[in-house]
2 protein chains.
Amino acid sequence: MRGFLAVTKALSDSNRVRALMALRGRELCVCQIVELLGLASSTVSKHMSLLEQARLVERRKNGRWVYYRRPQGKVHKEASEALRWLDESLARDRDVREDAKRIREVLKIPVEELCSVGGGK
Amino acid sequence: MRGFLAVTKALSDSNRVRALMALRGRELCVCQIVELLGLASSTVSKHMSLLEQARLVERRKNGRWVYYRRPQGKVHKEASEALRWLDESLARDRDVREDAKRIREVLKIPVEELCSVGGGK
DNA sequence: ACGTAAATTCGCCATATGGCGAAATGGGGT
DNA sequence: ACCCCATTTCGCCATATGGCGAATTTACGT
């Protein structure tokens with residue numbers, strides 16, 4: 001029950017859900033998620049660690065940057081079922097689609113540039 | 001997205017989840033849910049109306065009593081997928097099992113008696 | 001019509017949650 | 001060794017949430 005509630009609570013905030021949907025099939029750096037959601041990095045950090053505690057994402061550190069991705073390999077069944085449900089429910093969602101478009105733009109900017117100046121500049 | 005979040009928020013409280021699991025395969029009167037959860041009836045009422053808004057339960061009025069049940073017939077897909085996931089995740093949950101046992105006891109008491117004196121008396 | 005009683009609605013309180021900015025942390029690069 | 005800078009942690013604030021009890025609503029049964 002605890003684990004299940006951790007998952008449902010993690011999924012009950014729109015910014016966390018958007019982040020999770022943005023992580024479909026790719027990993028993203030924190031600064032990219034900040035760019036996508038338009039929130040302070042401290043807020044994003046809190047969101048992502050909540051998702052991590054619910055086993056919905058994995059953290060990978062690469063130098064100064066931290067990347068988040070959906071769980072790879074030995075996935076907790078609780079989390080994988082939740083992600084499957086999430087995807088089925090929101091694959092065609094309007095907001096999610098718009099985010100997907102924005103993500104493609106954000107990905108064109110090299111990480112160094114995106115982080116360093118703090119935006120699209 | 002709104003609908004999805006309504007569902008995840010509804011599922012992110014343990015008392016609501018317990019109520020939903022208690023409604024597997026049967027309908028229950030509000031007073032029976034009060035008895036199961038050990039909460040004030042006003043609190044249970046609030047919980048149930050939140051579940052109803054998320055389309056996870058239906059309300060049926062019968063005389064002075066109000067019964068809740070899982071959606072019948074033309075079920076919103078959003079809700080039915082959520083309920084399937086819920087059941088798969090928690091069918092073997094320890095708390096849910098204990099509730100199931102208690103429910104069987106509560107069901108032995110006629111509704112008139114359960115409501116009228118306010119408990120097992 | 002009137003009383004009774006189940007359920008809901010209404011205040012109210014305590015705690016949880018989501019947000020920011022400032023300070024702390026930790027990995028390069030020079 | 002030192003600085004830089006992405007990320008996290010720490011305070012702090014505003015709002016949301018879950019809980020209760022009191023008041024209101026609604027529908028039977030006299």
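Since the structure is predicted, the reported quantities are computational estimates derived from the model, not experimental observations. Protein chains get the first letters and strands the later ones, always in sequence-line order, with residue 1 at the start of each.
Between A:R16 and A:L50 the shortest heavy-atom distance is NH1-CD1, 3.6 Å. Taking each heavy atom of A:L51 and A:A10 in turn, the nearest pair found is CD2-CB, 3.9 Å.
Salt-bridge formation is not detected for the pair B:E78/B:R55: no Lys NZ or Arg NE/NH1/NH2 atom is positioned less than 4.0 Å from an Asp or Glu carboxylate oxygen.
Between B:Y67 atom OH and C:dA6 atom P the separation is 12 Å, expressed in whole Å. Rounded to whole Å, the distance from CE on A:M48 to P on D:dA6 is 18 Å. At whole-Å resolution of the value, CH2 in A:W65 and C1' in C:dG26 are 14 Å apart. Nucleotide D:dT7 holds its P atom 14 Å from the CD atom of A:E52, rounded to whole Å.
Residue B:R59 places at least one side-chain N or O closer than 4.0 Å to OP1 or OP2 of C:dT8. OP1 or OP2 of C:dT8 lies within a sub-4.0 Å distance of a side-chain N or O belonging to B:Y68.
Under the side-chain hydrogen bond (donor to acceptor under 3.5 Å, both in side chains) criterion, A:K108 pairs with A:E105, not counting sequence neighbours. Under the rule for a side-chain contact (heavy atoms from CB on, under 4.5 Å), the partners of B:V106 that lie at least two apart in sequence or sit in another chain are B:Q32, B:E35, B:R102, B:L114.
When the shell of 6.0 Å around CZ of B:R18 is examined, it contains more than 12 heavy atoms from other residues, nucleotides or ligands.
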> Can you give one letter per nucleotide of nucleotides 15-28 of chain D, 5' to 3': B if a protein heavy atom sits under 4.0 Å from the base, S if only from the sugar-phosphate, - if neither?
Replying inline: ---BBBBB---SSS
